[in-house]
Number of protein chains: 2
Amino acid sequence: MKKTILVFTLLIVSLYIIFRISKYSLILGGTSMEFVITIIAIVFFIVGIYINKKSLHKPQNISKDINHKKIKALEITSREYEVLQAISKGLSNKEIAEKLFLSESTIKTHVSNLLVKLNAKRRTQAVQIAKDHKIL
Amino acid sequence: MKKTILVFTLLIVSLYIIFRISKYSLILGGTSMEFVITIIAIVFFIVGIYINKKSLHKPQNISKDINHKKIKALEITSREYEVLQAISKGLSNKEIAEKLFLSESTIKTHVSNLLVKLNAKRRTQAVQIAKDHKIL
DNA sequence: AGATGTTTGGTACTTTAGTATGAGGCCGAT
DNA sequence: ATCGGCCTCATACTAAAGTACCAAACATCT
């Protein structure tokens with residue numbers, strides 16, 4: 001947001017500068033009109049591309065923002081979320097247990113709770129639902 | 001590619017038109033210089049945004065092209081691929097069987113073959129590996 | 001201190017998933 | 001027509017996954 005304001009401020013300022021330059025060059029006579037126009041065209045062309053790149057990169061980042069709210073809304077605890085991430089990586093309960101230094105029983109408990117909270121019947125479905133909610 | 005050429009052609013033509021208009025208005029006297037410059041700025045600003053949007057939309061489509069080659073490289077048959085897609089949607093073997101009008105035994109065979117071809121130990125891992133290969 | 005919620009773990013059980021093996025039918029290439 | 005690859009299905013297993021229920025340890029908030 002702050003960057004957008006900054007960019008537009010620069011745009012206005014540059015417009016003002018161009019006005020001055022163009023008038024100055026006209027008064028001094030002869031400095032080609034085409035040159036000034038071409039410069040303006042190129043500058044704003046580049047600025048247009050730059051602005052657009054920023055706005056189109058956002059969607060990729062937004063997905064990282066949405067999740068936290070949903071996770072809380074679904075009442076998924078931090079430990080459960082860790083397990084969910086491990087599941088999405090294709091790990092078995094035993095592997096998850098080893099990774100988190102827990103017993104397989106604990107993982108099963110977490111998985112069971114996850115399935116209820118995500119309204120899923122299987123871990124594969126849980127992953128799919130989680131991705132739909134953009135929490136993965 | 002053809003569109004890009006067309007757009008740039010239009011750009012060059014519009015630049016030429018602007019040259020004419022600016023000179024014409026200056027000869028006729030007084031028509032404000034600032035107005036012409038602002039128009040130029042806006043036009044090229046918009047064109048810049050348009051061009052960039054086209055080029056940034058491509059990456060989303062590329063991912064759809066990669067898969068077919070990989071699927072063949074991994075020797076995954078069409079039926080197996082159907083099963084793989086169903087797995088990624090979180091369906092159980094029984095559900096997949098009903099969806100494809102097959103017996104659960106057949107699905108199990110397909111899944112087993114898939115796991116070997118994808119070098120996975122579990123269906124969840126298969127999904128993950130498949131997405132890494134961008135065949136899902 | 002007591003209530004609450006998270007994390008951890010266990011037992012016992014049912015249900016899926018996955019493996020191994022065999023086999024019949026189908027289709028395209030040789 | 002025979003061969004190979006694919007699809008189909010079955011049986012008999014073993015191994016995971018998942019459910020239900022319980023319970024202790026812990027932190028936090030009141």
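Each chain gets a letter, A, B and so on, in the order the sequences are listed, and its residues count up from 1.
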With a non-hydrogen cut-off below 4.0 angstrom, is Ser112(B) in contact with a base, only sugar-phosphate, or nothing? base
Leu115(A) CG to dT14(C) C1', in whole Å, measures 15 Å
Regarding Ser112(A) and Thr109(A), do their side chains bring together a donor and an acceptor under 3.5 Å, going by distance alone? no
Atom NZ of Lys121(A) to atom C1' of dT16(C): distance rounded to whole Å? 13 Å
So, does Lys70(B) use its side chain to make a donor-acceptor pair with the main chain of Lys134(B) at under 3.5 Å? no
Select from Lys108(B) and Val116(A) the residue whose nearest nucleotide in DNA chain D is closer to the 5' end of that strand. Lys108(B)
Within the structure shown, what part of the strands sits under 4.0 Å from Ser105(B) by heavy-atom distance: base, sugar-phosphate, or nothing? base
Rounded to the Å, how far apart are Glu80(A) CD and dT8(C) P? 10 Å
Would you check if Arg123(B) and Leu84(B) make a side-chain contact, meaning some heavy-atom pair closer than 4.5 Å? no
Taking atom P of dG18(C) as reference, at what distance in whole Å does atom CG of Asn119(B) sit? 15 Å
Using the rule given for side-chain contact (heavy atoms from CB on, under 4.5 Å), can you reason through Lys117(B) versus Thr77(B), listing the C-alpha separation, both sets of side-chain angles and the distance that settles it, and then say yes or no? CA-CA 10 Å; Lys117(B) 290 175 182 178; Thr77(B) 66; 4.2 Å; yes
Separation of atom CG in Leu114(B) from atom P in dA17(C), rounded to whole Å: 14 Å
On a heavy-atom basis, which atom in Ile129(A) and which in Ala120(A) lie closest, and how many Å separate them? CD1-CB, 3.8 Å
Nearest-nucleotide 5' precedence on DNA chain D, Ala120(A) against Arg79(B): Arg79(B)
Is Asn93(B) close enough to dT16(C) that one of its side-chain N or O atoms is under 4.0 Å from OP1 or OP2 there? no
What integer distance in Å separates Ile87(B):CD1 from dG18(C):C1'? 11 Å
As a check of understanding: the bend across the helix from dA1(C)-dT30(D) to dG24(C)-dC7(D), end axes from five pairs, rounded to 10 degrees, works out to 50°
Can you name the nearest heavy-atom pair linking Arg79(B) to His110(B), along with the distance? CG-NE2, 3.6 Å
Arg122(B) and Glu95(A) ion-paired at < 4.0 Å: yes
With a cut-off of less than 4.0 Å, is there a side-chain N or O of Ser78(A) near OP1 or OP2 of dT6(C)? no
Just to confirm, is there a sub-4.0 Å distance from OP1 or OP2 of dT8(C) to any side-chain nitrogen or oxygen of His110(A)? yes
Take the protein atom CZ of Arg122(A) and the nucleotide atom P of dG18(C), then report the distance between them rounded to whole Å. 11 Å
Arg123(B) side chain N/O closer than 4.0 Å to the phosphate oxygens (OP1, OP2) of dG18(C)? yes
Tell me which nucleotide among dG18(C), dT8(C), dT7(C) gets nearest to the side chain of Leu102(A). dT8(C)
Which nucleotide span of DNA chain D, 5' end to 3' end, has atoms closer than 4.0 Å to non-hydrogen atoms of chain A? dA17(D) to dT19(D)
How many Å lie between CD1 on Ile96(A) and P on dT7(C), as a whole number? 15 Å
What is the minimum heavy-atom distance between Ile87(A) and Thr124(B), and which atoms define it? O-CB, 4.0 Å
Closest approach of Leu136(B) to Val127(B) (non-hydrogen atoms, all atoms of both residues): CD1-O, 4.3 Å
Gln125(A) side chain to Lys121(A) main-chain N or O, any donor-acceptor pair under 3.5 Å? yes
Please state whether the phosphate of dT6(C), meaning OP1 or OP2, lies under 4.0 angstrom from any side-chain nitrogen or oxygen of Thr106(A). no
